[in-house]
Amino acid sequence: MSTTTQPFTAEQLWRMPDDNFRYELVEGVLIKMAPTGFEHGDIAVTLAAMLWQHVKTHKLGKVLAAETGFKLASDPDTVLAPDASFIRQEEFDRVGMTRKFWPGAPDLAAEVMSPDDSTRKAEEKARMWLDHGTRMVWVVNPKRRTVSVFRPEVETVVLSEGDTLDGQDVVPGFSCRVDEIFA
């Protein structure tokens, strides 16, 4: 006799009670994540605030905070939540305000590595974002004080303090010095 378990769904994830943990869903498998530390939160909000200010000023779309879920795939479901994200205005106008998870990928996903994240794990997650339609991923590494920029079919660029992080054609006109993210 074999026992099979049904994949977890985005709807089940949405209805989960708050237990002070964050969850993501990868191909129907629930991934439990502990709350982040102070440094992680400080870096994430700094980057999101700079991005939000630029996007709001230039009416480019929506910047979303950590915990915002994006339903990237169905049957089995995949729902990821970056530390900050951007959706261009045209896409927001097409879909409209949603109460639940955003149906699809953001144009930009920013991930801040936790102290226990490996570079390989962060790269795999960035590739998952890209595979599901995200146009650019920023992976912020607090230990190395770098930002890796991932784009589809383009070699990854690693920026260090003193370099400038640029929104390119995804967030037109946005730029900041990498050291500002860690200030």
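All heavy atoms count here, side chains included; hydrogens, waters and symmetry mates do not. Quick note: residue numbers are just sequence positions, from 1.
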Would you call [X] and [Y] a salt bridge, taking side-chain N to carboxylate O under 4.0 Å as the test?
X    : Y    : answer
R144 : E161 : no
R145 : D179 : no
R120 : E124 : yes
E91  : K62  : no

Pairwise side-chain contact, [X] with [Y], heavy-atom cut-off 4.5 Å (strictly under):
X    : Y    : value
E24  : M33  : yes
T98  : P103 : yes
L13  : M16  : yes
V149 : M136 : yes
L165 : L159 : yes
W138 : L51  : yes
P76  : F8   : no
Q89  : L60  : no

| task | Test salt bridge (Lys or Arg N to Asp or Glu O under 4.0 Å) on D169 and R151 and set out the steps. | result | CA-CA 11 Å; D169 63 329; R151 297 289 308 256; 2.9 Å; yes

Are [Y] and [X] connected in a single hydrophobic cluster, I mean Ile/Leu/Val/Met/Phe/Trp/Tyr linked by side-chain heavy atoms less than 4.5 Å apart?
X    : Y    : answer
V178 : V171 : yes
L30  : L72  : no
V157 : V140 : yes
V26  : V137 : yes
V79  : V95  : no

Calculate, to the nearest 0.5 Å, the distance between atoms [atom1] and [atom2] belonging to [X] and [Y] respectively.
X    : Y    : atom1 : atom2 : result
D93  : R88  : CG    : CZ    : 10.5 Å
L80  : T68  : CG    : OG1   : 12.5 Å
R135 : L130 : CZ    : CG    : 11.5 Å
L108 : F150 : CG    : CZ    : 13.0 Å
S114 : E39  : OG    : CD    : 10.0 Å
N141 : I43  : CG    : CD1   : 9.0 Å

Would you find a donor on one side and an acceptor on the other, under 3.5 Å apart, between the side chain of [X] and the backbone of [Y]?
X    : Y    : result
H40  : V112 : yes
S85  : P82  : no
H132 : M128 : yes
R22  : A81  : yes
H54  : P172 : yes

| side-chain contact (heavy atoms from CB on, under 4.5 Å), paired with L64, selected from F86, F70, W52 |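 Looking at F86, F70, W52, the match for L64 under the side-chain contact (heavy atoms from CB on, under 4.5 Å) is F70.
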
Identify the two heavy atoms, one from [X] and one from [Y], that lie closest to each other, and give their separation to 0.1 Å.
X    : Y    : answer
V158 : D163 : O-OD2, 4.4 Å
L47  : A110 : CD2-CB, 3.9 Å
T46  : I181 : CG2-O, 3.9 Å
A183 : D42  : O-OD2, 4.0 Å
A109 : T134 : N-CG2, 3.8 Å
T164 : S175 : CG2-CB, 3.8 Å

| field | Over-ring placement of K32 relative to Y23, 6.0 Å and 45° cut-offs | value | no

| request: May I have the step-by-step check of side-chain contact (heavy atoms from CB on, under 4.5 Å) for T156 and R127, ending in yes or no? | output: CA-CA 11 Å; T156 301; R127 297 280 173 225; 3.2 Å; yes

| request: Test side chain to side chain donor-acceptor pair (under 3.5 Å) on E123 and T119 and set out the steps. | output: CA-CA 6 Å; E123 288 175 359; T119 301; 5.9 Å; no

| message | A quick test of your reading: do over 12 heavy atoms of other residues, nucleotides or ligands sit less than 6.0 Å from NZ of K56? | response |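 Counting other residues, nucleotides and ligands, NZ of K56 stays at 12 neighbours or fewer.
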
| message | Does E27 have more than 12 heavy atoms from other residues, nucleotides or ligands lying within 6.0 Å of its CD? | response | no

| task | For salt bridge (Lys or Arg N to Asp or Glu O under 4.0 Å), just list the numbers for K121 and E111, CA-CA rounded to whole Å, side-chain angles, deciding distance to a tenth of an Å, and then say yes or no. | result | CA-CA 11 Å; K121 180 179 171 184; E111 296 279 2; over 6 Å; no

| query | Going by the angle between their ring planes, with limits at 30° and 60°, are W102 and F92 parallel, tilted or perpendicular? | reply | parallel

| query | How about T9 and R15: does a side-chain donor come under 3.5 Å of a side-chain acceptor? | reply |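 No, no side-chain donor-acceptor pair sits under 3.5 Å.
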
